[in-house]
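A short worksheet on the structure shown next.
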Amino acid sequence: MMLPLLLLGFAAHFHGVFSQCQPLSSLNFTDTPNITPGVTAQVVFNNLTHPRGIKFDDASNLLVVDSGVGVIALTLNNTAGCQGWQRSVVVQNSTFNHGIDIGNGTLYVSTSTSVVGFQYDSSTISVGSGTPTVIVTNIAGAGSSGRRFLLIPASGSDPAFLIVTAGTDSDTDFAAAQASSGLSQIRRFALNASLPGGGYDWMTDGEMIAFGLRNAVGLTMDSNNNLWITENSSDNVTWDGIDVSANNPADEFNVVSLNNITGGFYGYPDCDTVWDPTSFSSFTTGEQFSDTSSFADTFCQSPSNNIPPMLSFQAHASPLDIKFYTGVTGNNTSSALNSSWVGNSFVSFHGSAETPEVGFGVVMIPWNTAANTPTANADTQTGYSFLVQATNLTACPGQCIRPVGLQFDTEGRLFVSSDATGEVCRRSRISDFVGFIDDVDRFS
Ligand SMILES: *[C@@H]1O[C@H](CO)[C@@H](O)[C@H](O)[C@H]1NC(C)=O
Ligand SMILES: *[C@@H]1O[C@H](CO)[C@@H](O)[C@H](O)[C@H]1NC(C)=O
Ligand SMILES: *[C@@H]1O[C@H](CO)[C@@H](O)[C@H](O)[C@H]1NC(C)=O
Ligand SMILES: *[C@@H]1O[C@H](CO)[C@@H](O)[C@H](O)[C@H]1NC(C)=O
Ligand SMILES: *[C@@H]1O[C@H](CO)[C@@H](O)[C@H](O)[C@H]1NC(C)=O
Ligand SMILES: *[C@@H]1O[C@H](CO)[C@@H](O)[C@H](O)[C@H]1NC(C)=O
Ligand SMILES: *[C@@H]1O[C@H](CO)[C@@H](O)[C@H](O)[C@H]1NC(C)=O
Ligand SMILES: *[C@@H]1O[C@H](CO)[C@@H](O)[C@H](O)[C@H]1NC(C)=O
Ligand SMILES: *[C@@H]1O[C@H](CO)[C@@H](O)[C@H](O)[C@H]1NC(C)=O
Ligand SMILES: *[C@@H]1O[C@H](CO)[C@@H](O)[C@H](O)[C@H]1NC(C)=O
Ligand SMILES: *[C@@H]1O[C@H](CO)[C@@H](O)[C@H](O)[C@H]1NC(C)=O
Ligand SMILES: *[C@@H]1O[C@H](CO)[C@@H](O)[C@H](O)[C@H]1NC(C)=O
């Protein structure tokens, strides 16, 4: 096939050729969000297509999966000639749609059915020959969004595993109740073993870490080898024949210990978490209920049948990425987030696809570092607070930020990508941005 070679050759040939500089002073929000007092939010780049997963390389280039385009890099120039970031193309490929991570010199990106790896050189911001290696194939659940989320837990020279998520084929997908469907689950693949020709097969080569996660989305590790997972729950659920779906079920924040992988079941498609109890007769937020006549509520309420979440998120908020704030490792602390927030986790809320309009922001989850859990329990609606949120929710999704990927830089600043997926009136606009939130003014 000549086409991929020509396109990859194109990308490789033009690496390092930056597009026009976007001076920071020229950038602004199209729709200014509410920002919590003490924090500053600023647009650092715009005019991308659908920025999704983001990842800093070890030379502080911010790699962005620009869905429909490929992987691009944003590089801070900051000379007199360009006080801002510049875009360059790393790999052109319209099939890359979300997942990105870097481990041991390899850049991993996802398509709806596969994960591929490129040898990546951060000093030239390029993928060398540009020839990808297929790492994982035949991933289930390409039907719905087909957006894969990737995580390599270890850093440095020992990335032992690649963790990959799969969602459902539709909102209510009863096939997902069986682990053998390959749907709504998380699997991991050894990176320190020899790769089978053609890559690992999703079903036969992946070790299942957890299932019953409708759309497991954001993935991150804490310091105790626990994998924290954000989950988009179902859109259209009933309880006891009653439509409770306007403000239920809660989206979920789940955890699985990688020290003790049991392949546990997290409820979907049978069991859900209550967000708004007023729709029910006698539940509280965080309780488990059955959305099918096949199971009683009491079945779902037994953790041996259904592992409940660690925290409840507002129904339909669509929590995507999650990151822990680990503080400043670079030399400049002047725009870092508040140091008392170190250890807390941050989650992007992409926002609801239908009314009521909820989410559309970035939240902070206070953390109990001794217990290694969120400070709040799953039975509350107040386990997190917004750092930044769209100002006028009734104007969402059309005139609102849509946070997706999160990355902290070495200076303790939070970078956020915002895309326009699913927004009819935003598709043709060029206002999407990768931005950062800092608290330069907090104590000054
Ligand atoms: C894009 O990447 C996919 C997955 O590696 C590959 O099959 C396809 O040929 C690539 N397309 C182009 C135009 O390079
Ligand atoms: C642009 O930024 C200025 C200064 O921060 C602000 O006052 C103004 O409302 C912004 N404009 C838009 C369209 O967001
Ligand atoms: C947006 O990016 C395209 C290339 O992707 C470029 O041709 C165009 O000039 C850019 N527009 C602005 C306003 O920067
Ligand atoms: C920074 O921007 C200036 C002005 O556009 C350009 O001449 C220079 O090559 C850029 N530097 C780097 C490292 O890209
Ligand atoms: C791969 O890494 C895992 C986890 O660190 C380890 O248990 C296993 O022995 C390693 N395999 C090889 C072939 O090095
Ligand atoms: C990391 O990369 C080096 C150099 O390519 C290779 O020798 C080593 O096996 C890789 N380690 C893992 C865990 O893949
Ligand atoms: C919700 O579920 C009902 C009953 O299964 C179905 O008739 C309806 O089409 C569903 N609506 C959506 C938006 O999926
Ligand atoms: C592993 O998890 C299972 C199921 O939660 C639990 O019963 C078991 O005690 C755990 N084992 C260890 C060593 O923690
Ligand atoms: C998250 O959930 C929302 C609402 O159900 C849905 O529109 C969106 O596609 C989901 N996102 C992902 C990545 O699964
Ligand atoms: C911090 O400053 C030291 C000394 O100037 C320099 O060697 C180092 O590279 C800097 N580190 C970062 C992350 O900028
Ligand atoms: C530190 O960061 C601030 C805010 O970005 C910037 O104004 C300042 O010039 C930086 N200081 C150094 C020494 O780079
Ligand atoms: C919020 O958005 C709605 C829908 O676009 C609009 O009708 C309303 O005037 C806006 N409210 C404010 C305070 O801007």
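Start at 1 and go down the list; that is how both ligands and their atoms are numbered. FYI, side chains are in, hydrogens and waters are out, and symmetry mates aren't considered; it's all heavy atoms of this structure.
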Any idea which atoms of ligand 11 are less than 4.0 Å away from a heavy-atom of [X]?
X	result
N332	1 (C), 2 (O), 3 (C), 8 (C), 10 (C), 11 (N), 12 (C), 14 (O)
S335	4 (C), 5 (O)
S334	1 (C), 2 (O), 3 (C), 4 (C)

Practice item. Give the atoms of ligand 12, by number and element, whose distance to some non-hydrogen atom of T394 is under 4.0 Å. Key: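 Result: 1 (C), 2 (O), 3 (C), 4 (C).
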
First locate atom [atom1] of [X], then atom [atom2] of [Y], and finally report the distance between them rounded to the nearest 0.5 Å.
X	Y	atom1	atom2	answer
N247	D276	CG	CG	5.0 Å
D297	E287	CG	CD	9.0 Å
S345	W367	OG	CH2	4.5 Å

Exercise for review: Could you label the plane-to-plane angle of the F96 and F118 rings as parallel, tilted or perpendicular, counting under 30° as parallel and over 60° as perpendicular?
Suggested key: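 Correct class here is perpendicular.
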
Practice item. Describe, in one word, how the ring planes of F56 and F415 are oriented to each other, choosing from parallel (under 30°), tilted (30 to 60°) and perpendicular (over 60°). Key: perpendicular

Point to revise | E411 N/O to ligand 11 N/O under 3.5 Å | key: no

**Study point:** Contacting atoms of ligand 4, where contact means under 4.0 angstrom from a heavy atom of C82
**Key:**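 Listed by number with element, the hits are 2 (O).
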
Check your understanding: Do you see a donor-acceptor pair shorter than 3.5 Å between the side chains of T106 and N104?
Key ->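 Judged by distance alone, the side chains do not pair up.
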
Point to revise | Nitrogen or oxygen of N392 less than 3.5 angstrom from that of ligand 12 | key: yes

**Study point:** Name of the residue among F313, F360, F349 meeting ring-ring contact (aromatic ring centres under 6.0 Å, His included) with F386
**Key:** F349

**Study point:** Selection from T79, N78, N77 by shortest heavy-atom distance to atom 13 (C) of ligand 4
**Key:**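 Selected option, by shortest heavy-atom distance: N77.
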
**Study point:** 4.0 Å protein heavy-atom contact status of atom 11 (N) of ligand 12, strictly under
**Key:** yes

Exercise for review: Would you confirm whether any non-hydrogen atom of the protein falls under 4.0 Å from atom 7 (O) of ligand 12?
Suggested key: no

